[in-house]
Q: 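This is the structure I want to talk about, given as structure tokens.
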Amino acid sequence: MFATTQRSHLCGALRLSDAGTAVTLGGWVHRSRNLGGLVFIDLRDREGLLQVNFGPDWAGADVIAAAAAVGVESVVIIEGTVMPRPAEMRNADLATGEVEVQATSIRVVGPAVTPALPVARGKNDKLPAEELRLRHRYLDLRRPELQANLMLRHRLLQVTRRFLSDRGFLELETPILTKPTPEGARDYLVPSRVHPGEFYALPQSPQIYKQLFMCCGFDRYFQLARCFRDEDLRQDRQPEFTQIDIEASFIGREDIMALSEELVACIWREAGHEVAAPFQRMSYADCMERYGCDRPDLRYGLEVHDFTASFATLDFGVTRSVIDAGGRVRGIRVPGGAAWSRKQVDELEGLAKSAGAGGLLRVKKAEGKLEGPVAKFLTPEAEEALALADGDLALLVAATDRISSPALDRVRQECARRLGLVDEHARHFLWVTDFPMFDKDPVTGALAAVHHPFTAANADDVAQYPDAPEKWRALAYDCVLNGLELGGGSIRTSDPRVQSRMFTLLGIGDEAEQERRFGFLLEGLRAGAPPHGGIAFGFDRMSMLLSGGTSLRDVIAFPKTTAARALFENAPTTVPAADLAELNIRSTVDGE
RNA sequence: GGGGGCGUAGCUCAGCUUGGUUAGAGCACUCGACUGUCACUCGAGAGGUCGCGGGUUCGAGCCCCGUCGCUCCCGCCA
């Protein structure tokens, strides 16, 4: 398949069964070893490494001299014969290690300057600084690890396309130049030359377009969609990213969740992992109650418990005042935590405080005795509720749930890490369902969409609490793996009047304002919209997990730094004033 | 927008605690030797704006202030 007019095989593909074959190979000089009369070159292509041998019995002196002179990372084309290696000279570390090619000619077709970064690395060599790897990305991407990552990414893209296409989903493209939506994340804006003073935005997601496809009757859509958000970056967040975007008509939650489980299993299988479906499900309320988090890592326990009832009678000021004010006392039991030093527990308290808690109450049981600031106040009922075994440590937060949940989440995760409870090979998939529709700002009372403004509400909740939207649950669902959000979606509002009411509840302007900003969606819905819904998966994150990496930058060919800068091509950059003038734009930055 | 870490040869790092002659090592590079290596080995050599700017000092890679870059985290990410 890879044979061309210039080469016959891929270097890394040759095996013992190819012995005796005359080959012409093109590749990069990974490393070379010059033993005097004998020269070895490890030739590399995307398939792997191959040892090429230049010896006087089959190659002329001029060929050997040329092989000895070629620098690493140069591109060469060699001719020769595949030979089995003598048993004692085989290399078990190399897929091609049972053979070598005895070369009769070498031609340097792409001489390389001395590389700024090493591509061939020793077993214990550290990677160069990421800044340098990004600046010299053309070299970094030659590394077998990154080649493997991008080739895996390709396979995951293809298997996703095949899976969805086979099920009748149409791959439809949506615009990259779109309308600014001043909700949610910041948009990347693109000035219009033709229309002075007006701007496009790059899409944060194809959300509205895919809903319009449903209105058009393309009842199953998908796209491997590039999305853009002008927010600050993280290890797992890039300003442009790829999502598997799916939408379908005449479906409910169960349809989307079943389809998604199949898709995820298919993708994981492509990477060599079997996934058990159906996935566990848990309501948002249960997640928050038991784990303090809407995407819990279920590879370990350390569940959060409520001790409010048994602490209500305690004559202890801290818990007393919180409970009287409507708060709760919640916490986790840490087996073996009693052995931790004061300093170690203080560090945990630091985590809780950084998450907003006032402090972390500790009770430990050592040699049958309870210890800690609250110990002497404990009633027999409270002791029984804590249910500490010898060596256990209880870590409690007395506060409103809004404060205690994130604090206990942080503490729980750190305790699991310290206790070695996190099984790196385990995969615990989870559906989180029944999110609230709205998040109510505790200060202003304003409602904000937890998912997005197009999500449909649970009809029973709307009927039961018509005037208390903060009690409505959304028909939304998140797919979680080991505490990471893989994707999320919802059933959408397909009634334009209901959609308009949602905008009103969210404080998105009057009717005229709604028409101006979201009219193109409302018009589509009014023209006859089927019930529909969908989901989007973070494809980069999936690729990262399946390639075994921890940074999105290792599965994206040309990523941005955390300062949202491209170091290789050096973007963004200033442009000549004349270019700005043509766009009717003037920079306010000094010195421009 | 805020906080932490890092920045010394092409690469990875030591040196900084306690300021003091000519800033070191490994790899890579150049030259030489070597016919079975596979991180070849051996010998020799070259290679430095100690991120940048300012300050303290008789003297700064080292101390202080500022700044830039990368990175991790918080905010943010409907």
Side-chain angles (χ1 to χ4, degrees), chain A residues 30-43 49-59 64 68-69 71-73 83 85-94 96-97 100 102 113-136 139-140 181-187 204-205 207-208 227-239 241 351 353-356 406 410 435 437-439 446-455 474 476 485 488 490 502-503 506-508 518 538 550-551 553 560-565 567:
Chain A
H30 189 68
R31 237 195 289 267
S32 65
R33 295 171 290 281
N34 181 355
L35 275 63
L38 203 56
V39 174
F40 297 97
I41 285 180
D42 291 338
L43 200 59
L49 291 174
L50 169 75
Q51 175 164 283
V52 179
N53 188 352
F54 297 83
D57 293 347
W58 54 87
I64 295 176
V72 293
E73 294 310 315
M83 301 296 283
R85 293 205 207 178
E88 68 276 16
M89 292 165 196
R90 290 181 180 168
N91 184 343
D93 295 333
L94 225 51
T96 60
E100 67 180 7
Q102 295 184 346
V113 297
T114 300
L117 306 174
V119 176
R121 294 187 307 129
K123 288 185 179 67
N124 296 317
D125 286 359
K126 282 189 174 180
L127 281 174
E130 186 152 28
E131 178 180 1
L132 295 163
R133 292 175 41 206
L134 292 174
R135 187 156 286 143
H136 304 286
L139 288 172
D140 200 36
T181 55
E183 283 292 305
R186 277 185 280 263
D187 286 326
Q204 296 181 24
S205 92
Q207 180 63 33
I208 292 176
C227 305
F228 307 85
R229 289 178 191 171
D230 188 7
E231 295 291 345
D232 287 347
L233 278 61
R234 287 284 189 283
Q235 195 170 24
D236 60 352
R237 208 193 291 164
Q238 281 275 311
F241 57 97
L351 285 178
K353 283 183 170 173
S354 72
R410 294 281 296 275
F435 285 83
M437 277 293 284
F438 304 107
D439 189 32
L447 296 180
V450 167
H451 188 53
H452 57 53
F454 318 113
T455 301
E485 183 189 334
S490 63
M502 290 299 168
F503 288 145
L506 290 165
I508 304 180
F518 296 105
T550 56
S551 172
R553 295 184 291 265
K560 308 288 188 285
T561 67
T562 50
R565 192 170 276 288
L567 294 181

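The structure presented is a predicted model; accordingly, all values stated were derived computationally and were not measured. Naming: A, B, ... by sequence-line order, numbering from 1 per chain. Computed over heavy atoms, backbone and side chain alike; hydrogens, waters and symmetry mates excluded.
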Q: Whole angstrom is fine here: how far is it from CZ in Arg85(A) over to C1' in G36(B)?
A: 10 Å
Q: With the side chain of Thr561(A) defined as its heavy atoms from C-beta on, choose the nearest nucleotide among A78(B), C70(B), U35(B).
A: C70(B)
Q: Using heavy-atom distances to pick each residue's nearest nucleotide on RNA chain B, tell me which of Glu100(A) and Leu132(A) is more 5'.
A: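 Closer to the 5' end of RNA chain B: Leu132(A).
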Q: Write down the partner of U35(B) under the Watson-Crick or G-U wobble criteria, each distance required to be under 3.5 Å.
A: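 Check on U35(B): unpaired, no WC or wobble geometry under 3.5 Å.
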Q: Between Arg237(A) and Glu231(A), does any side-chain N to carboxylate O distance fall below 4.0 Å?
A: no
Q: Once you round it to whole Å, what is the distance between P of U37(B) and CG of Leu94(A)?
A: 15 Å
Q: For C42(B) versus G36(B), give the span between their P atoms, rounded off to a whole number of Å.
A: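 Their P atoms lie roughly 16 Å apart.
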Q: Looking for any heavy atom pair under 4.0 Å, which part of the strands does Asn53(A) touch: base, sugar-phosphate only, or nothing?
A: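 Base, at least one base heavy atom under 4.0 Å.
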Q: Identify the residue among Leu43(A), Ile41(A), Leu49(A) that makes a side chain to side chain contact (heavy atoms under 4.5 Å, CB included) with His30(A).
A: Leu49(A)
Q: Any heavy-atom pair between the side chains of Met437(A) and Leu447(A) that's under 4.5 Å?
A: no
Q: Would you state whether a donor and an acceptor, one from the side chain of Gln51(A) and one from the base of U37(B), lie under 3.5 Å apart?
A: yes
Q: Lys560(A) has an atom NZ; how far is it from atom C1' of U71(B), in whole Å?
A: 18 Å
Q: Which nucleotide wins on minimum distance to the side chain of Arg186(A), given the candidates C76(B), U37(B), C70(B)?
A: C76(B)
Q: Arg237(A) side chain: which of A78(B), A39(B), C77(B) is closest?
A: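 Among A78(B), A39(B), C77(B), the one nearest the side chain of Arg237(A) is C77(B).
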Q: Which part of the nucleic acid, if any, lies within contact of Ala448(A), taking any heavy atom under 4.0 Å across all strands shown: a base, the sugar-phosphate backbone alone, or nothing?
A: nothing
Q: Could you check if a side-chain atom of Arg33(A) sits within less than 4.5 angstrom of a side-chain atom of Asp42(A), using non-hydrogen atoms only?
A: yes
Q: Under 4.0 Å, counting only non-hydrogen atoms across every strand here, what does Pro128(A) touch: a base, just sugar-phosphate, or nothing?
A: sugar-phosphate
Q: Contact class for Asp57(A) vs. all strands (heavy atom < 4.0 Å): base, sugar-phosphate, or nothing?
A: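 No contact.
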Q: Identify the nucleotide, in any strand shown, that forms a Watson-Crick or G-U wobble pair with C70(B), with both distances under 3.5 Å; if there is none, say none.
A: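 The answer is G5(B), by the H-bond criterion.
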Q: When you measure from the side chain of Arg229(A), which nucleotide among U37(B), A78(B), C70(B) comes out closest?
A: A78(B)
Q: Mind checking Gln235(A) for me? I need base, sugar-phosphate or nothing, with any heavy atom below 4.0 Å counting as a touch.
A: sugar-phosphate
Q: How close or far is atom P of C72(B) from atom CD of Glu131(A), stated in whole angstroms?
A: 13 Å
Q: For C29(B), give the paired nucleotide (Watson-Crick: N1-N3 plus N6-O4 or O6-N4; G-U: N1-O2 and O6-N3; both under 3.5 Å), or none.
A: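 Check on C29(B): paired to G45(B), both distances under 3.5 Å.
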Q: Report yes if a side-chain nitrogen or oxygen of Arg31(A) is closer than 4.0 Å to either non-bridging phosphate oxygen (OP1 or OP2) of C40(B); otherwise report no.
A: yes
Q: Under 4.0 Å, counting only non-hydrogen atoms across every strand here, what does Arg553(A) touch: a base, just sugar-phosphate, or nothing?
A: sugar-phosphate
Q: Remember a base hit wins even if backbone is also touched, and classify Leu49(A) as base, sugar-phosphate or nothing at under 4.0 Å, heavy atoms.
A: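 Touches nothing.
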Q: Please check: side-chain N/O of Gln238(A) versus main-chain N/O of Lys560(A), any donor-acceptor pairing under 3.5 Å?
A: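 Side chain of Gln238(A) to backbone of Lys560(A), a donor-acceptor pair under 3.5 Å: yes, one is there.
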Q: Which listed nucleotide (A28(B), G75(B), C38(B)) is nearest to the side chain of Arg234(A)?
A: G75(B)
Q: Take atom C1' in G43(B) and the same atom in G5(B), then report the distance between them in whole Å.
A: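 Comparing C1' positions in G43(B) and G5(B) gives a spacing of 42 Å.
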Q: Measure from the side-chain heavy atoms of Asn91(A) and tell me the nearest of U37(B), C38(B), C13(B).
A: C38(B)
Q: Counting side-chain heavy atoms from CB outward, which of G36(B), C72(B), C34(B) is closest to Met89(A)?
A: G36(B)
Q: Is there a side-chain polar atom (N or O) of Arg33(A) under 4.0 Å from OP1 or OP2 of C40(B)?
A: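 Affirmative; the distance criterion is met.
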Q: Which part of the nucleic acid, if any, lies within reach of Ala120(A) when heavy atoms closer than 4.0 Å are counted: base, sugar-phosphate only, or nothing?
A: nothing
Q: Any idea which of C29(B), C72(B), A39(B) is nearest the Thr562(A) side chain?
A: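 So the nucleotide nearest the side chain must be C72(B).
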Q: Can a salt bridge be assigned to the pair Arg133(A) and Asp140(A) using a cut-off of 4.0 Å between side-chain N and carboxylate O?
A: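 Yes.
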Q: Relative to each other, are the rings of Phe503(A) and Phe454(A) parallel, tilted or perpendicular (30° and 60° limits)?
A: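 Taking Phe454(A) first and then Phe503(A), their aromatic rings stand perpendicular (interplane angle over 60°).
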Q: If you check every side-chain atom of Pro56(A), which of U71(B), U35(B), C77(B) has the closest atom?
A: U35(B)
Q: Taking only side-chain nitrogens and oxygens of Lys126(A), does any of them come within less than 4.0 Å of OP1 or OP2 of C11(B)?
A: no
Q: To the side chain of Asp232(A), which of U37(B), G75(B), G36(B) is closest?
A: G75(B)
Q: Tell me which nucleotide, if any, is Watson-Crick or G-U wobble paired with A60(B) when both distances must be under 3.5 Å.
A: none
Q: Taking atom C1' of G3(B) as reference, at what distance in whole Å does atom CG of Leu351(A) sit?
A: 15 Å
